[in-house]
J.: 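I am attaching a structure below and will ask some questions about it afterwards.
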Amino acid sequence: MKKTVVIIGGGAAGMSAASRIKRLKPEWDVKVFEATEWVSHAPCGVPYVVEGISPKEKLMHYPPEVFIKKRGIDLHMKAEVIEVEEGSVRVREEDGEHTYEWDYLVFANGASPHVPPIEGLELEGVFTADLPPDAVAIRDYIEKNKVENVVIIGTGYIAIEMAEAFVAQGKNVTLIGRSERVLRKTFDKEITDIVEEKLKAHLNLRLQELTMRIEGDGRVEKVVTDASEYPADLVIIATGIKPNTELAKQLGVRTGETGAIWTNEKMQTSVENVYAAGDVAETRHIITGRRVWIPLAPSGNKMGYVAGSNIAGKEITFPGVLGTSITKFLDLEIGKTGLTEAEAIKEGYDVRTAFIKAKTRPHYYPGAKEIHLKGVVDNETNRLLGVQAVGGEILPRIDAAAAMIQAGFTTKDVFFTDLAYAPPFAPVWDPLIVLARVLKF
């Protein structure tokens, strides 16, 4: 029997779900409602469009025509879902409001910037950096106005990536955060100390300062904190994000302890025939089993794939996440997978740790990068719980560690993993193997 599936949100999770359903059930009517004019978009690319190294058009993985003509998806752009009821949604589109019925519903409407109540947010030149339209607006502003002094409020991934975007363009950048460390919620202090040293060499880092207000006559001119004030021709608010759960609550969908939509391993919500995927949904942590909300693109795509598969009758489960992530500031790469020491202790683990410095190639081969690794191990089982890295060429180490942790490797397993070696790529003792040796087994 032909079914109608309505998907709210045309980002990574939404389009993955839609594409999967049409692959398995090509005769079904799959409708996607996207509030912007961007689909299958890549918010992670926003800083690089702002920096000028990537054209804005590339932020869509596929153009809308691929989904409409090749995959048969009924894609509605500039279509904002304003009300959700059992069996129907009301949508505001360019030609007015319309009501559409559904047999299955997928919430894939992502997250929005968490903006603190700061006076002056309405001034021209104040931006968030969450979605492709933000990148376009910021880039246009830079091109049309004289921008020398940039203030970024926040100390997380987006704040650091946006700081890089402006430092790379030769701007005077001030990074302001009320916490005592950058990336405080994601990394242990050994890692963030190195990051902060790098930041201080290229920008004005102001930690433990509370932003009070943004001032200017129509256009931003300065940012005032509880400690000082800083000139600003442009301000980026990068103080975190929050899941867009308002529509789900209209339908009585349960939100979890993280504040995001509760889902089971099939991405089903608490309401029959209603699913959630991507940045709006919580899941479980692979190590702890706890409910977590870690909004990242790879897991969002997979959640959409799982939701679409189950809707179309092909049962598959989503195992959860480790929070594997990576970013950079100029030539300093920063990444992690699994639990930090602080997270592991909070979860009740008795842990031991090691923090090492190594090179990514033999001393006789040119181009070696310095890398620091921190490992966290459960003393009771010797199971590897987490790895953090900062320096150069960290991606293969973080990815290998993610696979090892998900497979339940002990430090002995890590040590004896048969990793590839050749002087142009790695030393004979790979830094990850050295870390396992130092952690002992």
J.: Taking it one step at a time, do Ser299 and Phe318 satisfy side-chain contact (heavy atoms from CB on, under 4.5 Å)?
T.: CA-CA 9 Å; Ser299 54; Phe318 184 69; 4.1 Å; yes
J.: Does either side chain, that of Gln268 or that of Asn310, offer a donor lying less than 3.5 Å from an acceptor on the other one?
T.: no
J.: Which is it for Glu246 and Lys249 under the salt bridge (Lys or Arg N to Asp or Glu O under 4.0 Å) test, yes or no, and what are the steps along the way?
T.: CA-CA 5 Å; Glu246 295 79 8; Lys249 289 177 180 177; over 6 Å; no
J.: Do you know which of Leu75, Val106, Val6 makes side-chain contact (heavy atoms from CB on, under 4.5 Å) with Val32?
T.: Leu75
J.: Just by distance, with hydrogens left out, do Glu393 and Thr360 show a side-chain donor and acceptor under 3.5 Å apart?
T.: yes
J.: Quick test of your reading of the model: are Glu27 and Lys2 salt-bridged, counting only N-O distances below 4.0 Å?
T.: no
J.: His76 and Glu34: side-chain donor and acceptor closer than 3.5 Å?
T.: no
J.: Just by distance, with hydrogens left out, do Thr269 and Tyr275 show a side-chain donor and acceptor under 3.5 Å apart?
T.: no
J.: Please tell me whether Phe33 and Tyr100 form a close aromatic pair, meaning their ring centres lie under 6.0 Å apart.
T.: yes
J.: Determine whether the aromatic ring centres of residues Phe127 and Tyr141 are separated by less than 6.0 angstrom.
T.: yes
J.: Given the rule in the side chain to side chain donor-acceptor pair (under 3.5 Å) test, do Thr258 and Glu282 qualify, once you have shown the distances and angles that lead to the verdict?
T.: CA-CA 7 Å; Thr258 67; Glu282 70 173 26; 2.5 Å; yes
J.: Strictly by modelled atom types, are Glu209 and Thr211 linked by a side-chain donor-acceptor pair under 3.5 Å?
T.: no
J.: Inspect the contact between Arg397 and Asp399 and indicate whether a charged nitrogen and a carboxylate oxygen are less than 4.0 angstrom apart.
T.: no
J.: Identify whether the distance between the nearest side-chain nitrogen and carboxylate oxygen of Arg213 and Glu215 falls below 4.0 Å.
T.: yes
J.: Strictly by modelled atom types, are Asn382 and Arg352 linked by a side-chain donor-acceptor pair under 3.5 Å?
T.: yes
J.: Below 4.0 angstrom, N of the basic side chain to O of the carboxylate: do Arg219 and Glu124 qualify?
T.: yes
J.: So how far is it from Glu333 CD to Ile398 CD1, rounded to the nearest 0.5 Å?
T.: 10.0 Å
J.: Working to the nearest 0.5 angstrom, can you tell me the gap between Met77 CE and Glu93 CD?
T.: 12.0 Å
J.: Between Ile118 and Ile153, which heavy-atom pair has the shortest distance, and what is it?
T.: CD1-CD1, 4.4 Å
J.: May I ask you to check whether Thr410 and Arg383 show a side-chain donor-acceptor distance below 3.5 Å?
T.: no
J.: Between NZ of Lys346 and CG of Leu339, what distance do you get to the nearest 0.5 Å?
T.: 11.5 Å
J.: Can we say Lys374 and Glu341 salt-bridge, meaning some charged N sits less than 4.0 Å from an Asp/Glu carboxylate O?
T.: yes
J.: Between Glu257 and Arg291 (salt bridge meaning N to carboxylate O under 4.0 Å), is one present in this structure?
T.: no
J.: Which value, rounded to the nearest 0.5 Å, describes the distance between Glu51 atom CD and Glu161 atom CD?
T.: 10.5 Å
J.: Considering non-hydrogen atoms only, spot the tightest contact between Glu94 and Lys78 and give its length.
T.: OE2-CD, 3.6 Å
J.: Is there a side-chain contact (heavy atoms from CB on, under 4.5 Å) between Met404 and Thr417? Walk through the geometry before answering.
T.: CA-CA 9 Å; Met404 292 168 173; Thr417 299; 3.6 Å; yes
J.: Between Thr99 and Arg90, do the side chains contain an N or O donor and an N or O acceptor separated by less than 3.5 Å?
T.: no
